[in-house]
Amino acid sequence: MKQLDWAALQQAAKDAAAQAYAPYSQFPVGVAVLAENGQIFTGCNVENASYGGTVCAERNAIAAAVVAGQRRFQALMVYTPQTKLTPPCGICRQVIAEFFLPDSPIASCNHLGEQQSWSLQQLLPDAFTPTYLAASTKIEKDI
């Protein structure tokens, strides 16, 4: 894998955060994902008055890439204008595990220019992935 352009991912994630719809939490998040083909896709969080209807930036970015035909990714960058760097939430980690390799870099940056990186394996050890379903024994029910 070639050297990642973290600056481009940071800027794309920051630009996406500027579009966040976060009237309830006041916690805008932007994400940039780098597809295997080199394209960058972005997403922002979109909150809903029925909180369960909220969709995180990570899932929106991955969904945008999937709509464009991408299924494999090299890296993911989260941007928040927060002092504490923010990793993906639990449900996003599971969605990331669907499309990224365990050693894929997942990073977070903020308005102060700070950055922290993890591998997906560090964020979600022993992730439940499609390999578990492929290797599973199918149970037939008596009807």
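Being a predicted model, the structure only gives us computed values, none of them experimental.
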Engineer: Got a second to check how far Gln74's CD is from Asp5's CG, nearest 0.5 Å?
Structural biologist: 11.5 Å
Engineer: With a 4.5 Å limit on heavy-atom distance, are the side chains of Met77 and Gln115 in contact?
Structural biologist: yes
Engineer: Mind jotting down which residue pairs meet the salt bridge (Lys or Arg N to Asp or Glu O under 4.0 Å) criterion with at least one end in residues 36-49? Sequence neighbours excluded, please.
Structural biologist: Glu36-Arg72
Engineer: Specify the closest pair of heavy atoms between Pro88 and Glu58, including all atoms of both residues, with the distance to one decimal.
Structural biologist: CA-OE2, 3.4 Å
Engineer: Would you compute the distance between atom CG of Leu112 and atom OG1 of Thr83 and round it to the nearest 0.5 angstrom?
Structural biologist: 5.5 Å
Engineer: Are the side chains of Thr42 and Asp15 in contact, using a 4.5 Å heavy-atom criterion?
Structural biologist: no
Engineer: Rounded to the nearest 0.5 Å, what separation is found between the CZ atom of Phe27 and the OG1 atom of Thr80?
Structural biologist: 5.0 Å
Engineer: In terms of relative ring orientation, are Tyr24 and Tyr51 parallel, tilted or perpendicular, with 30° and 60° separating the classes?
Structural biologist: perpendicular
Engineer: For Glu114, give me all partners under salt bridge (Lys or Arg N to Asp or Glu O under 4.0 Å), at least two apart in sequence or on another chain.
Structural biologist: none
Engineer: Say whether, by atom type as modelled, one donor and one acceptor occur between the side chain of Gln122 and the main chain of Ser119 under 3.5 angstrom.
Structural biologist: yes
Engineer: Within a reach of under 6.0 Å around CD of Gln19, are more than 12 heavy atoms found that belong to other residues, nucleotides or ligands?
Structural biologist: no
Engineer: Which atom names give the shortest non-hydrogen contact between Ala75 and Trp6, and what distance separates them?
Structural biologist: CB-CH2, 4.0 Å
Engineer: Quick one, Gln82 and Asn110 - any side-chain contact, counting heavy atoms below 4.5 Å?
Structural biologist: no
Engineer: Taking Arg93 for the side chain and Leu123 for the main chain, is one N or O donor matched with an acceptor at less than 3.5 Å?
Structural biologist: yes
Engineer: Does any part of the side chain of Pro28, heavy atoms only, come nearer than 4.5 Å to the side chain of Pro81, both counted from C-beta?
Structural biologist: yes
Engineer: Does any non-hydrogen side-chain atom of Pro87 lie less than 4.5 Å from one of Ile106?
Structural biologist: no
Engineer: Please report the interatomic distance CZ(Phe99) to OG(Ser104), rounded to the nearest 0.5 Å.
Structural biologist: 12.5 Å
Engineer: Could you check whether any side-chain heavy atom of Cys44 comes within less than 4.5 Å of a side-chain heavy atom of Val31, counting everything from C-beta outward?
Structural biologist: no
Engineer: With sequence neighbours excluded, what pairs up with Gln94 under the side-chain hydrogen bond (donor to acceptor under 3.5 Å, both in side chains) test?
Structural biologist: none
Engineer: Is there a chain of hydrophobic side chains (I, L, V, M, F, W, Y, each step under 4.5 Å between heavy atoms) that links Val95 to Leu120?
Structural biologist: yes
Engineer: Check whether Asn45 reaches the backbone of Val29 with its side chain - one donor and one acceptor, N or O, closer than 3.5 Å.
Structural biologist: yes
Engineer: Determine the minimum heavy-atom distance between Gly43 and Ala61, stating which atoms define it.
Structural biologist: N-CB, 3.5 Å
Engineer: Would you list the pairs meeting ring-ring contact (aromatic ring centres under 6.0 Å, His included) in which at least one residue belongs to residues 108-135, sequence neighbours left out?
Structural biologist: Phe128-Tyr132
Engineer: Do Leu4 and Val33 belong to the same hydrophobic cluster, where Ile, Leu, Val, Met, Phe, Trp and Tyr are linked whenever their side-chain heavy atoms lie under 4.5 Å apart, directly or via other members?
Structural biologist: no
Engineer: Going by the rule salt bridge (Lys or Arg N to Asp or Glu O under 4.0 Å), which residues pair with Arg71 if we only count those two or more places apart in sequence or in a different chain?
Structural biologist: none
Engineer: Rounded to the nearest 0.5 Å, what separates atom CZ in Phe41 from atom CD1 in Ile62?
Structural biologist: 12.0 Å
Engineer: Kindly compute the distance separating OG (Ser117) from CG (Leu85), expressed to the nearest 0.5 Å.
Structural biologist: 9.5 Å
Engineer: State plainly whether one hydrophobic cluster holds both Leu101 and Leu76, where clusters connect Ile, Leu, Val, Met, Phe, Trp and Tyr through side-chain heavy atoms under 4.5 angstrom apart.
Structural biologist: no
Engineer: Excluding sequence neighbours, so at least two apart, what forms side-chain hydrogen bond (donor to acceptor under 3.5 Å, both in side chains) with Ser108?
Structural biologist: none
